[in-house]
Structure formats: structure tokens, C-alpha cells
Amino acid sequence: MNERTFRIGPIRPPSEALSLLLQVTNGCTWNKCRFCQLYRHTKFKAYSADSIKADIDNMVYHAERAGKYRRPDGTWDINGLNRELMIGTDEERQCFYMVANWLVNGGENVFLQDGNTTALSSGRLTDVLIYLRQAFPQIKRITSYGRAENLSRVSADEFAELKEAGLDRIHSGFESGSDAVLQRINKGVTSQQEITAGRNIKAGGIELSVYFMPGVGGRDLSRDNAEGMANVINEVNPDFIRIRTSVIKPGTELYEDFVSGAFELCSDDEKLSEIRTVIEKAHDIDTKLVSDHIVNLLQGVKGSLRNDRQKMLDYIDGYMAQPEEDRKIYQALRRMGRIVSPGEVSRISSSELDNVRRMISETDDPYEWEIRMNELMCRYI
């Protein structure tokens with residue numbers, strides 16, 4: 001008997017934590033960014049519509065299994081679901097768990113994987129979207145990753161067709177709006193292509209979420225990185241700009257540049273200054289700034305660039321006004337995953353604070369401190 005399984009890719013945005021994951025491509029079409037090693041050993045593949053539909057059919061199968069444990073009042077028999085979870089192979093159990101967890105949490109959103117799902121031909125993607133919506137009529141949002149260079153070659157009319165078929169939101173890792181930075185990190189795209197892609201997506205009626213990577217240009221291009229990004233979002237007016245603070249990881253070309261001295265790490269303060277510049281230079285746009293990842297130092301910096309601008313600037317300025325040692329204490333605790341906001345430092349035990357102060361005193365060289373913070377962040381995806 002064939003296993004009733006479906007493919008599950010390696011990543012999704014934090015905002016899609018409760019979404020059903022449907023893999024329509026494998027890997028990344030570009031796979032040459034100098035800061036990323038996620039898909040380095042994965043050959044890109046776009047799956048056939050029939051193959052993807054077979055995965056959707058298996059999702060329906062597991063949804064029907066889980067549905068037996070939904071009570072008439074809409075609540076769930078969790079013990080029954082747990083017993084059902086013990087049936088089948090490891091892969092089938094993993095698939096059942098994903099579908100059941102999705103349904104228990106509302107069963108509303110789906111995320112299309114992997115790194116560049118919009119590389120699928122628009123006709124094939126439209127076919128898949130329609131089939132998915134028919135399989136699960138309760139779906140409220142379908143979201144996808146998309147690479148800006150590919151997206152720039154899709155017309156507004158084609159995006160409108162994808163919207164009509166059921167695609168609601170696209171996430172795109174712009175990372176920077178500076179051509180100098182984009183070239184340094186070998187992003188394979190220009191700022192103008194980002195603008196073209198963004199405008200066409202918005203004109204097609206699809207929500208757009210772009211990513212900004214403070215610090216990815218290094219210390220010498222820090223201002224270029226921020227000002228370039230501010231220019232792009234002013235031209236595009238995306239629905240969201242999501243902060244993904246740069247982490248220079250072993251195994252990447254950018255890390256090799258760092259080791260050789262060709263790339264100088266930005267400090268946490270400099271990365272915050274980049275975010276501040278983007279906020280300050282944003283014009284009258286209603287883009288929402290989102291800081292929903294563990295690598296971000298101040299997740300409390302969030303809100304509408306139109307309505308919450310001053311609040312976000314004040315938050316950053318308040319942090320920057322703290323004494324250097326206090327900032328470093330927070331940085332270390334944050335990078336260790338101990339706290340989420342500066343206000344939480346007060347709940348840390350005196351012995352742990354003493355250990356952090358000792359680490360600070362033993363790190364005389366300011367640049368060595370940034371190296372240590374980068375090492376701590378390398379633990380996270």
C-alpha cells in the first residue's frame with residue numbers, strides 16, 4: 001500500500017507558523033546569494049501540477065482522518081487525535097500531525113514552499129491554486145515566497161490572474177535596496193527590478209511582504225543599505241517590510257570575506273541605526289514594519305510607517321540612550337535567547353547578570369564583541 005504522505009520543505013516565515021505547508025518547488029532558482037547556504041546542496045526543481053495535486057489529495061485524506069475527532073460544537077477530541085497520530089509510518093505521522101494541527105488552529109492559511117515558488121509557470125501555479133481552494137474551501141489566505149528577479153518579469157495582469165486563482169500574498173527577500181549592497185551579496189537583482197516587481201504585484205491586487213536585512217552590506221555600506229531600502233519601499237509601498245537582521249554564518253562566501261577582513265561586521269547599534277533610517281526616510285506610505293524573528297534585537301520596533309513612525313523612532317532612541325554596558329547586557333541576553341525586550345533584563349538573576357558583565361569586561365575590543373554576538377546568532381536559522 002502506498003504511503004499517504006506529502007512533501008514538506010525546510011522553511012517558512014514566522015507569520016506562517018500555523019499554516020499548512022504545500023511544497024510546489026524544491027530549492028532556489030538562484031542559489032548564489034553570498035549570505036545564504038540553505039539550499040546550496042539542493043538542485044532546484046519545479047514539481048508538476050499532477051504531483052502537487054497528489055500531495056493535496058493526501059492532505060485531504062489526513063484532514064478527513066482528523067475530522068472524525070471534531071465535536072459538533074467545533075471543539076476537538078485531542079486525546080483521539082493523539083491516538084490517531086500513532087498510526088502509520090513516521091512520514092505519515094508527520095503529515096497527519098501537520099494537517100491536524102492546522103485544522104485545530106483554524107485551518108485558514110496555506111504557505112507554498114520553497115524558496116521561489118513563483119518560478120512555477122503562471123498557468124501551472126493557477127491550476128494548483130484552484131485545485132487547492134476546491135480541496136479546502138475554508139482557506140482564507142494562500143501565501144508564497146518569490147524571488148524579486150523572477151517577479152519583475154511577471155506582469156500586473158498575470159499577478160491579477162494569480163490573485164483571481166487564489167494567491168493572496170507574496171513574501172520576497174529584497175534584503176537591500178542598494179545596488180552596491182545587492183552586488184556585494186550577489187543577490188542577482190537590481191533595485192529597479194525590485195521596484196518593478198513590487199509595483200506589478202501591488203497592481204495585481206496581491207499583498208506584498210518584503211524583507212530588509214540590516215547589516216548585510218557591512219560597515220562601509222551601512223548607510224547605503226538603509227537609504228537604498230527606504231527608496232525602494234517609498235517607490236513600492238509594500239504591505240509589509242519585515243526585518244531580518246543579518247547574521248554572517250560559516251559556510252557562506254560573506255563569512256569568508258569576514259574572516260579575510262574584506263567584510264567588516266556592523267555593530268548592533270549600527271544595525272538599529274539602519275532600521276531607524278528606513279523609518280525616518282519613509283514617505284507617506286502605510287507599510288507595516290514587522291520585527292517577528294529571533295535574530296532581531298528590538299522586536300518591539302513595529303507598526304505603521306505612516307501612523308506609528310514617531311513611536312518606533314522613540315523606542316529605538318530610548319534604547320540607544322542607555323549606557324553602553326546596559327546595551328551590551330541586553331544584547332548578550334537577547335542573543336542567548338534569554339529575553340525578548342529590554343524591560344525583561346530586570347527579571348534576570350544577579351548571578352547571570354554578573355556572568356554577562358564578566359563577559360563584557362573580558363572583551364575589551366569593541367569589534368571582538370560584535371564577533372561574539374554574531375557567533376551567538378549563528379545558532380538560529
Side-chain angles (χ1 to χ4, degrees), residues 9-16 21 24-40 42 44 111-120 143-154 167 169-202 206-217 221 225-226 228-233 235-236 238-249 252-254 271 274-275 278 287-296 377 380-381:
I11 62 168
R12 46 83 185 148
S15 58
E16 303 294 332
L21 305 180
V24 302
T25 63
N26 184 42
C28 174
T29 50
W30 178 245
N31 213 8
K32 298 176 185 177
C33 294
R34 303 183 77 248
F35 61 87
C36 178
Q37 81 277 34
L38 184 62
Y39 298 112
R40 280 301 163 88
T42 301
F44 179 80
F111 183 74
L112 308 181
Q113 298 174 301
D114 263 342
N116 188 21
T117 57
T118 51
L120 211 64
T143 306
S144 169
Y145 274 136
R147 176 173 154 73
E149 188 271 333
N150 290 91
L151 296 170
S152 69
R153 293 187 270 112
V154 180
L167 184 61
R169 180 183 296 173
I170 292 174
H171 288 261
S172 188
F174 284 14
E175 325 306 0
S176 178
S178 161
D179 286 320
V181 174
L182 292 170
Q183 185 173 6
R184 170 172 283 181
I185 65 178
N186 197 31
K187 188 66 185 176
V189 70
T190 66
S191 60
Q192 185 55 55
Q193 286 175 313
E194 292 176 340
I195 292 169
T196 299
R199 286 175 172 172
N200 286 348
I201 291 168
K202 294 283 290 179
I206 296 176
E207 285 188 338
L208 174 62
S209 177
V210 304
Y211 290 77
F212 172 50
M213 195 172 281
V216 76
L221 293 178
N225 194 37
M229 195 69 219
N231 178 65
V232 167
I233 65 167
E235 292 292 330
V236 173
D239 296 275
F240 305 93
I241 174 171
R242 298 182 185 273
I243 306 300
R244 292 291 184 271
T245 301
S246 64
V247 183
I248 311 305
K249 297 183 179 182
T252 66
E253 292 88 348
L254 217 54
K271 293 172 185 177
E274 289 189 25
I275 298 171
V278 171
T287 299
K288 294 177 179 63
L289 188 145
V290 182
S291 185
D292 58 353
H293 200 285
I294 194 170
V295 296
N296 296 333
M377 287 193 288
Y380 307 117
I381 292 178

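Computed over heavy atoms, backbone and side chain alike; hydrogens, waters and symmetry mates excluded. Residue numbers start at 1 and run along the sequence shown.
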Please check: side-chain N/O of [X] versus main-chain N/O of [Y], any donor-acceptor pairing under 3.5 Å?
{"X": "Gln193", "Y": "Ser152", "result": "no"}
{"X": "Asp239", "Y": "Leu208", "result": "yes"}
{"X": "Ser176", "Y": "Ser178", "result": "yes"}

Write down the atom of [X], the atom of [Y], and the distance for their closest heavy-atom approach.
{"X": "Ile170", "Y": "Gly146", "value": "CG2-N, 4.2 Å"}
{"X": "Ser191", "Y": "Val232", "value": "CB-CG2, 4.1 Å"}
{"X": "Ser172", "Y": "Ala148", "value": "OG-N, 3.5 Å"}
{"X": "Gly27", "Y": "Tyr39", "value": "CA-CD2, 3.5 Å"}
{"X": "Ser246", "Y": "Met377", "value": "O-CE, 4.1 Å"}
{"X": "Gln113", "Y": "Gly9", "value": "OE1-N, 2.7 Å"}

pair Ile233-Met229: side-chain heavy atoms closer than 4.5 Å: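 In contact.
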
Is any side-chain heavy atom of Phe35 closer than 4.5 Å to a side-chain heavy atom of Thr252? no

Using the test ring-ring contact (aromatic ring centres under 6.0 Å, His included), find all partners of Tyr145 that sit at least two apart in sequence or belong to another chain.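 ring-ring contact (aromatic ring centres under 6.0 Å, His included) check on Tyr145 returns Phe111.
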
Look at Arg244 together with Asp292 and state whether they make a salt bridge at an N to O cut-off of under 4.0 Å. yes

Under 4.0 Å between a Lys/Arg side-chain N and an Asp/Glu carboxylate O for Arg169 and Glu207?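 The answer is yes: the pair qualifies as a salt bridge.
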
What pairs with Glu175 under side chain to side chain donor-acceptor pair (under 3.5 Å), at least two apart in sequence or on another chain? Lys187

Apply the test side chain to side chain contact (heavy atoms under 4.5 Å, CB included) to residues Val216 and Leu254: give CA-CA distance (whole Å), side-chain angles for both, the deciding distance (0.1 Å), then the verdict. CA-CA 9 Å; Val216 76; Leu254 217 54; 4.2 Å; yes

